Protein chains: 2
Amino acid sequence: MPHTIIDIKPHCNRCSFKELCFPLGLEADEFAKLDAVIRQSRRLKKGEYLFRAGENFTSLYAIRTGFFKTAVNTQDGRDQVTGFFMSGELVGMDGLGNKTYTSDAVALEDSEVCELPYYRLNELIEHFPKLSMHFLSMMSKEIIRDQNVMLLLGNMRAEERLAAFLLNLSERLNMRGFSPYDFVLRMSREEIGSYLGLKLETVSRTLSRFNQEGLIVVDHKHIRILQAKKLETMVTGCNISSE
Amino acid sequence: MPHTIIDIKPHCNRCSFKELCFPLGLEADEFAKLDAVIRQSRRLKKGEYLFRAGENFTSLYAIRTGFFKTAVNTQDGRDQVTGFFMSGELVGMDGLGNKTYTSDAVALEDSEVCELPYYRLNELIEHFPKLSMHFLSMMSKEIIRDQNVMLLLGNMRAEERLAAFLLNLSERLNMRGFSPYDFVLRMSREEIGSYLGLKLETVSRTLSRFNQEGLIVVDHKHIRILQAKKLETMVTGCNISSE
DNA sequence: CGGGAGATTGATTGTGATCAATCTTCGTGG
DNA sequence: CCACGAAGATTGATCACAATCAATCTCCCG
């Protein structure tokens, strides 16, 4: 496993994103137990796969730092980016159902993840049944996120999709204490396009137009949002929210 | 609550779809406990809402008989059908995360559902922690289903979407012991269109073309599939599977 | 410094949306 | 039970948005 280092005991308590991984109020003893289970931290270089579609499901992963995309692929080579994930978000939930991952997860920058091995998850739930409701809740939120992507793909025009995408990123960065109006895109135009059901040229053109219209400033991967309000009115209906 | 009758004790053991609601091997005592919790059966007339977006989350529902659609709606009136559900399938999982349903569920024909009240689900998991893995598994499968819809909406052309849709219905009907090649659509052209990200005219035209080409026979809502193989080659990549 | 991937911009095309008219079916009330 | 009306479906003509094809351009990364 190249570029991979296993650390021992990263401790959730020292992680500034713990409340993002486990947003619901946990009792002290429950949290301590959880912390003990998440004992492995894994580092990935940009471009490395965290898991691949078809592999046996081994773990859920909470992202500690960095940025990931997940994608499903078809037999004929097409693929669809199904999500972008940042600190405090959970990936791998699609693997639980059939004990096999159905998507790829790829690091889009050097990243660090906290691993929740499946067998330990089992033990944990056995001993702390209340915790299982937290996991059900997080999976439910993933379903809600997916519903919103369906809404976007099924109903919205190119500029609405882009606006929704930028605002969603903005909101999630804000929640993590980063600037919501000045950030660097971690993914390529092609990956944005795949996620939004558009071709990369359309993504590029639409961003350029937003730039001309003074809604945003685009400097390659660097984005500054100037008129968030106008972007919001563009996405009238869609209530995309991070998780 | 008009048209609604509450029955007592439907008993999963008498339900021919129990293995669809709970596909994983359950111990006898676990299943008995589950059976005891699902004690309410509710009947709905065609057009009735099982729940609406924004309502407090009260229960998960397993469909006993009938057919449902789920849909999310935007502030500006557009809406997106997010799924069609038949016997043995579970709806309401989007409500668990925020204790509020985020979608509507509407009966597309007279239907009967088994109710799993949230507070009873909690009790159940407390006493039988192993059961929670079954629910996590079912939610994971819902996520996989959603990923496949994203793939369809993001990557496929109109005829591919329709072919995938018909084959998916066919497969699920087959699993329930119904004819996979001769069935009645429960939803309108507009609802199919909303689900597939197409306009109703495109759905109608594409079905007509399949009919002319001898792939299927369309008689309004009655569909006969003549050349499933050809439909399958149309959807090369997409691996849509029911749940 | 050079090469290659990614991004931008332009010209043209094509698929599906839109607008529109007719037809069918089903539900409702007389 | 039949007639009527409304909703749903089909089909046609036209239009628009995003895809495609194509030609630079820029910026990393080696």
Side-chain angles (χ1 to χ4, degrees), chain A residues 3 45-48 69 77-81 106 108-110 152-166 184-213 216-223 234, chain B residues 3 45-48 67 69 77-81 106-110 152-166 184-213 216-223 234:
Chain A
H3 305 301
K45 290 267 180 210
K46 180 175 175 176
E48 261 191 281
K69 72 167 177 182
R78 289 182 285 188
D79 74 329
Q80 169 75 29
V81 171
V106 188
L108 297 184
E109 60 180 350
D110 293 359
L152 181 144
L153 291 171
N155 269 301
M156 297 169 76
R157 299 152 30 79
E159 62 168 29
E160 296 176 294
R161 295 184 199 193
L162 252 304
F165 170 74
L166 292 174
V184 174
L185 296 175
R186 254 60 231 216
M187 70 296 279
S188 69
R189 301 289 191 265
E190 187 168 15
E191 286 162 334
I192 297 173
S194 172
Y195 181 57
L196 299 178
L198 301 170
K199 292 294 161 186
L200 70 100
E201 293 96 328
T202 305
V203 173
S204 180
R205 264 185 254 275
T206 307
L207 288 177
S208 295
R209 195 151 47 78
F210 285 178
N211 186 59
Q212 279 167 29
E213 292 168 353
I216 63 176
V217 177
V218 185
D219 177 23
H220 305 102
K221 303 222 158 184
H222 179 207
I223 300 283
M234 237 178 219
Chain B
H3 305 301
K45 290 269 181 208
K46 181 175 174 175
E48 259 191 282
F67 203 88
K69 72 166 176 182
R78 290 183 283 189
D79 74 329
Q80 170 74 30
V81 171
V106 188
L108 296 183
E109 62 180 349
D110 293 359
L152 180 144
L153 291 171
N155 270 300
M156 297 169 75
R157 299 152 31 79
E159 64 168 30
E160 295 176 294
R161 296 184 198 193
L162 251 304
F165 171 74
L166 292 173
V184 174
L185 296 175
R186 253 62 231 215
M187 70 297 278
S188 69
R189 301 289 191 265
E190 188 168 16
E191 286 162 334
I192 297 172
S194 172
Y195 181 58
L196 299 178
L198 302 169
K199 292 293 160 185
L200 69 100
E201 294 96 326
T202 305
V203 173
S204 181
R205 264 185 255 276
T206 308
L207 288 177
S208 296
R209 193 151 47 80
F210 284 177
N211 186 59
Q212 280 166 28
E213 291 167 353
I216 63 175
V217 178
V218 185
D219 177 23
H220 306 102
K221 303 224 157 183
H222 180 205
I223 300 284
M234 240 178 218

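Just the heavy atoms: all of them, side chains too, but no hydrogens, waters or symmetry mates, feed the values below. These numbers come from a predicted model, not from an experiment.
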Report task. Measure the distance from CD on Glu201(B) to P on dT15(C) and round it to the nearest whole Å. Result -> 18 Å
Requested in this report: With heavy atoms under 4.0 Å as the rule, sort Arg157(A) into base, sugar-phosphate or nothing.
Outcome: sugar-phosphate
**Report entry** Ser188(A) side chain near dA5(C) phosphate (N/O to OP1/OP2, under 4.0 Å)
**Finding:** no
Query - For Thr202(A), side-chain contact (heavy atoms from CB on, under 4.5 Å) partners two or more places apart - result: Ala158(A), Leu198(A), Lys199(A), Thr206(A)
Query - Donor-acceptor pair, side chain of Gln80(B) and main chain of Ser194(B), under 3.5 angstrom - result: yes
Query raised in the report: CD of Glu159(B) to CZ of Phe210(B): how many Å apart, nearest 0.5 Å?
Result: 5.5 Å
Query raised in the report: Between Arg189(A) (side chain) and Leu200(A) (backbone), is there a donor-acceptor pair under 3.5 Å?
Result: no
Query raised in the report: Atom NE2 of His222(B) and atom P of dC26(C): how far apart are they, to the nearest Å?
Result: 13 Å
Report task. Would you classify Gly197(B) as touching base, sugar-phosphate or nothing, given that sugar-phosphate means primed atoms plus P, OP1 and OP2, and contacts are heavy atoms under 4.0 Å? Result -> sugar-phosphate
Requested in this report: Assign Leu198(B) to base, sugar-phosphate, or nothing according to its heavy-atom contacts below 4.0 angstrom with the strands shown.
Outcome: sugar-phosphate
Query raised in the report: Given atom CD of Gln212(A) and atom P of dT9(C), what is their separation to the nearest angstrom?
Result: 7 Å
Report task. Starting at atom CG of Asn155(A), determine the distance to atom C1' of dT18(C), rounded to an integer number of angstrom. Result -> 16 Å
Query raised in the report: Think Lys221(B) has a side-chain N or O under 4.0 angstrom from the OP1 or OP2 of dC26(C)?
Result: no
**Report entry** Reading 5' to 3' through nucleotides 25-30 of chain D, protein heavy-atom contacts under 4.0 Å coded B for base, S for sugar-phosphate only, - for none
**Finding:** -SS---
Query - Interatomic spacing from CG in Leu207(A) to CD1 in Ile216(A) - rounded to 0.5 Å - result: 5.0 Å
Query raised in the report: Could one point to a donor on the side chain of Glu159(A) or the base of dC17(D) with an acceptor on the other under 3.5 Å away?
Result: no
Query raised in the report: In whole angstrom, what separates Glu109(B)'s CD from dC26(C)'s P?
Result: 15 Å
**Report entry** Euclidean distance, atom CD of residue Glu190(B) to atom P of dT18(C) [Å, nearest integer]
**Finding:** 12 Å
Report task. Taking only the side-chain nitrogens and oxygens of Thr202(B), find out if one of them lies under 4.0 Å from OP1 or OP2 of dA17(C). Result -> yes
Report task. Could you tell me whether the side chain of Arg186(B) and the main chain of Phe67(B) form a donor-acceptor pair under 3.5 Å? Result -> no
**Report entry** Estimated bend of the helix from dC1(C)-dG30(D) to dG30(C)-dC1(D) (axis per five terminal pairs, rounded to 10 degrees)
**Finding:** 50°
Report task. Output yes when Glu201(B) and Arg205(B) qualify as a salt bridge under the 4.0 Å nitrogen-oxygen rule, no when they do not. Result -> no
Query raised in the report: So how far is it from Met187(A) CE to Glu109(A) CD, rounded to the nearest 0.5 Å?
Result: 10.0 Å
Query raised in the report: Donor-acceptor pair, Asp110(A) side chain versus Lys45(A) backbone, under 3.5 Å?
Result: no
Requested in this report: Return the value, rounded to whole Å, for the distance between atom NZ of Lys199(A) and atom P of dG16(C).
Outcome: 13 Å
Query - Atom pair CG (Leu185(A)) and CD1 (Ile192(A)), whose distance is rounded to the nearest 0.5 Å - result: 5.0 Å
Query - Phosphate OP1/OP2 of dT11(D): any Ser204(B) side-chain N/O under 4.0 Å - result: no
Requested in this report: Answer yes or no: does a side-chain N or O of Arg205(A) lie under 4.0 Å from OP1 or OP2 of dT8(C)?
Outcome: no
Report summary line: Taken to the nearest whole Å, CG/Leu200(A) to C1'/dT24(D) is 15 Å
